[in-house]
Amino acid sequence: MIFALAATFFTDLSSFVSDNFDELLAGLKRTLVVSAIAIAGAFFIGLILGAARAHRIPVVSQLAAIYVEVIRNTPILVQIFFLYFGLPQVGVRLDAFTVAWLAVTIWGGAFNTENFRAGFEAVPHRYREAGLALGFSRIATFLNVTLPIGGRIALPSSINTYISVLKNTSLLYVIAYPELTTTALEIQALTLETVETFTVLAVTYLTLVWTMSALIRLLESRLALPEERS
Amino acid sequence: MLPDWVEPVARYMLEEGLVGTLKIAAIALAGSVLVGITLGTLLTIKFLPLRSVIRLYIEVWRGLPILVTIFIIFFMLPAVSQQLEFDALTASAIGLILWGSAQVAEATRGAVQSIPREQHEAASALGFGWIGRHSFVIMPQALRRLLPPLVSLLVNIIQNTTIAQVIGATELLEAGERQSERLVAPEPIGLGEIHAFEIYAGVMVVFFLISFPLTRLAAVLEKRLV
């Protein structure tokens with residue numbers, strides 16, 4: 001009885017997927033593209049502003065602190081609303097795709113600034129001093145000493161931020177940007193195959209997120225500092 | 001002086017919206033802590049089937065975007081069975097509890113395992129059973145280590161209550177959106193003016209005023225207790 005039910009459900013599911021394959025794939029692609037842009041953007045924002053914060057570079061450091069606190073202490077959904085529905089009033093009209101990648105990039109960049117700041121600050125002072133004493137310039141010391149060590153310390157928390165960036169792209173549903181979640185809800189509204197839609201949607205997100213967390217563990221053991229390798 | 005439209009809008013957003021936000025946040029926090037601490041403590045028992053089930057629960061609800069979880073509860077469950085139909089506020093609170101309890105469970109496991117073995121042994125020697133040992137000896141000590149992550153969780157829960165807006169629950173963002181749409185309508189309902197910029201900026205300010213002190217508190221607790 002249960003097996004028969006499960007079998008019908010799986011046939012339903014596979015016919016649902018093959019019927020809507022093109023739309024679902026297009027949605028998944030947009031989710032991945034927006035996430036990829038945002039992850040790359042968040043990496044560079046985090047690297048530069050995190051370094052500015054850790055080295056207490058005047059003005060830049062203070063501005064970065066304000067950026068980080070504002071973004072971390074307000075909901076990303078409100079930030080998306082502000083960019084898409086609030087800004088046009090003052091003459092800044094951004095299309096859905098621009099708001100899509102911009103919102104998640106700004107959000108990820110703020111969290112990553114904190115990740116990298118903490119990573120760079122965890123590098124023992126004597127390493128930097130040794131670099132400077134050997135005649136490396138400040139920038140060369142950062143690139144050759146602080147970045148390789150601090151970057152690895154920041155790696156686990158920054159990859160968690162990238163996973164959150166991917167999950168947050170689902171919120172772009174509110175501006176009707178046709179990524180995976182928006183696409184799935186459109187299909188659901190047309191076909192009324194509610195259970196199938198949400199099963200496929202949930203399985204897809206879990207596959208993406210679990211793959212990324214598996215990658216973290218692989219990368220973590222590969223890039224771990226020698227003294228932390230077990 | 002502020003323009004005339006501000007006062008009724010702000011009053012609606014605070015009296016209806018903010019109250020709704022705090023209501024959802026309070027239910028979600030209480031539920032997450034209760035379920036999360038229970039599951040997290042059970043996770044320290046070395047019984048594989050139980051541990052696998054709790055692990056799966058944690059990984060699923062942590063892995064799914066909260067919006068998708070809330071959609072599943074709000075749209076999919078009623079399609080499975082009519083008894084599983086919830087209003088928007090309840091559905092969002094359940095979604096946040098599933099996600100929040102997964103976070104708390106993971107943190108609790110770490111906190112309970114950080115309590116030295118001797119504490120367990122001493123409590124057993126005094127005649128405490130498993131439940132008594134955990135509720136009177138282990139948990140009070142583990143709670144100290146749990147406090148900073150719980151404050152961070154509270155901040156995240158408060159911010160994530162905005163996701164309830166998507167299914168139309170009355171909370172701060174939804175209240176702001178309703179007012180912003182009302183003002184666009186011609187008089188006497190609205191003003192025929194767009195004030196989305198000020199309204200959404202205002203929503204951000206309110207969330208910032210709530211979250212900022214709490215994130216500071218979490219940072220202070222982290223330094224003090226660890």
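Worth saying up front: this structure is predicted, and the values here are computed from it rather than measured. Proteins come first, then strands; the chains are lettered A, B, ... in the order of their sequence lines, and each starts at number 1. Because only heavy atoms are used, hydrogens play no part in the values below, and waters and symmetry mates are left out as well, while side chains stay in.
Interface remark: A:Leu166 contributes no atoms to any contact with chain B (heavy atom separation under 4.5 Å). Only the side chain of B:Leu173 comes within contact range of chain A, with heavy atoms under 4.5 Å apart. The contact between B:Glu198 and chain A is made by backbone and side chain atoms together, counting heavy-atom distances below 4.5 Å. With a 4.5 angstrom heavy-atom cutoff, A:Val90 touches chain B only via side-chain atoms. The parts of B:Ile163 that come within reach of chain A are both its backbone and its side chain, each placing non-hydrogen atoms under 4.5 angstrom from that chain. Interface residue B:Glu59: backbone and side-chain heavy atoms are both found under 4.5 Å from chain A. The contact between A:Thr181 and chain B is made entirely by side chain atoms (from C-beta outward), counting heavy-atom distances below 4.5 Å. Residue B:Val205: no heavy atom, backbone or side chain, is found under 4.5 Å from chain A.
Per-residue counts of heavy-atom pairs under 4.5 Å with chain A were compared for B:Ala201, B:Gly176, B:Ser180, B:Pro65; the largest is that of B:Pro65. Interface summary for chain B: among A:Thr194, A:Thr169, A:Ile76, the most heavy-atom pairs under 4.5 angstrom belong to A:Thr194. Interface remark: of the candidates B:Glu177, B:Gln159, B:His195, B:Gln159 forms the most heavy-atom pairs closer than 4.5 Å to chain A. Per-residue counts of heavy-atom pairs under 4.5 Å with chain B were compared for A:Leu208, A:Val70, A:Leu185, A:Val174; the largest is that of A:Leu185. Most heavy-atom pairs under 4.5 Å with chain B: of the set A:Pro75, A:Ala202, A:Gly86, this distinction falls to A:Pro75. No other option in B:Tyr200, B:Phe197, B:Phe75, B:Phe207 has as many heavy-atom pairs under 4.5 Å with chain A as B:Phe197.
Panel note: side chain A:Lys167, backbone B:Arg62; a donor-acceptor pair is recorded below 3.5 Å. Not one N or O on the side chain of A:Asn112 forms a donor-acceptor pair closer than 3.5 Å with the backbone of A:Gly108. When atom types are taken as modelled, the side chain of A:Ser35 and the backbone of A:Thr31 share a donor-acceptor pair closer than 3.5 angstrom. With A:Gln79 contributing its side chain and A:Ile71 its backbone, the two residues share a donor-acceptor pair below 3.5 Å.
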**OP:** For A:Ser157 and A:Asn160, run side chain to side chain donor-acceptor pair (under 3.5 Å): C-alpha distance rounded to whole Å, both residues' side-chain angles, the deciding distance at 0.1 Å, then the answer.
**Re:** CA-CA 5 Å; A:Ser157 53; A:Asn160 275 323; over 6 Å; no

Subject >> Full working for ring-ring contact (aromatic ring centres under 6.0 Å, His included) between A:Tyr162 and A:Phe43 >> reply: CA-CA 9 Å; A:Tyr162 304 145; A:Phe43 174 76; 7.2 Å; no

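Ion pairing between a basic and an acidic side chain is recognised when a charged N comes within 4.0 Å of a carboxylate O; B:Glu181 and B:Arg178 show no such pairing. With respect to the salt-bridge test (charged N to carboxylate O, under 4.0 angstrom), the residues B:Glu222 and B:Arg145 do not qualify. For A:Arg217 and A:Glu220, the salt-bridge test fails: no basic side-chain N is under 4.0 Å from an acidic carboxylate O.
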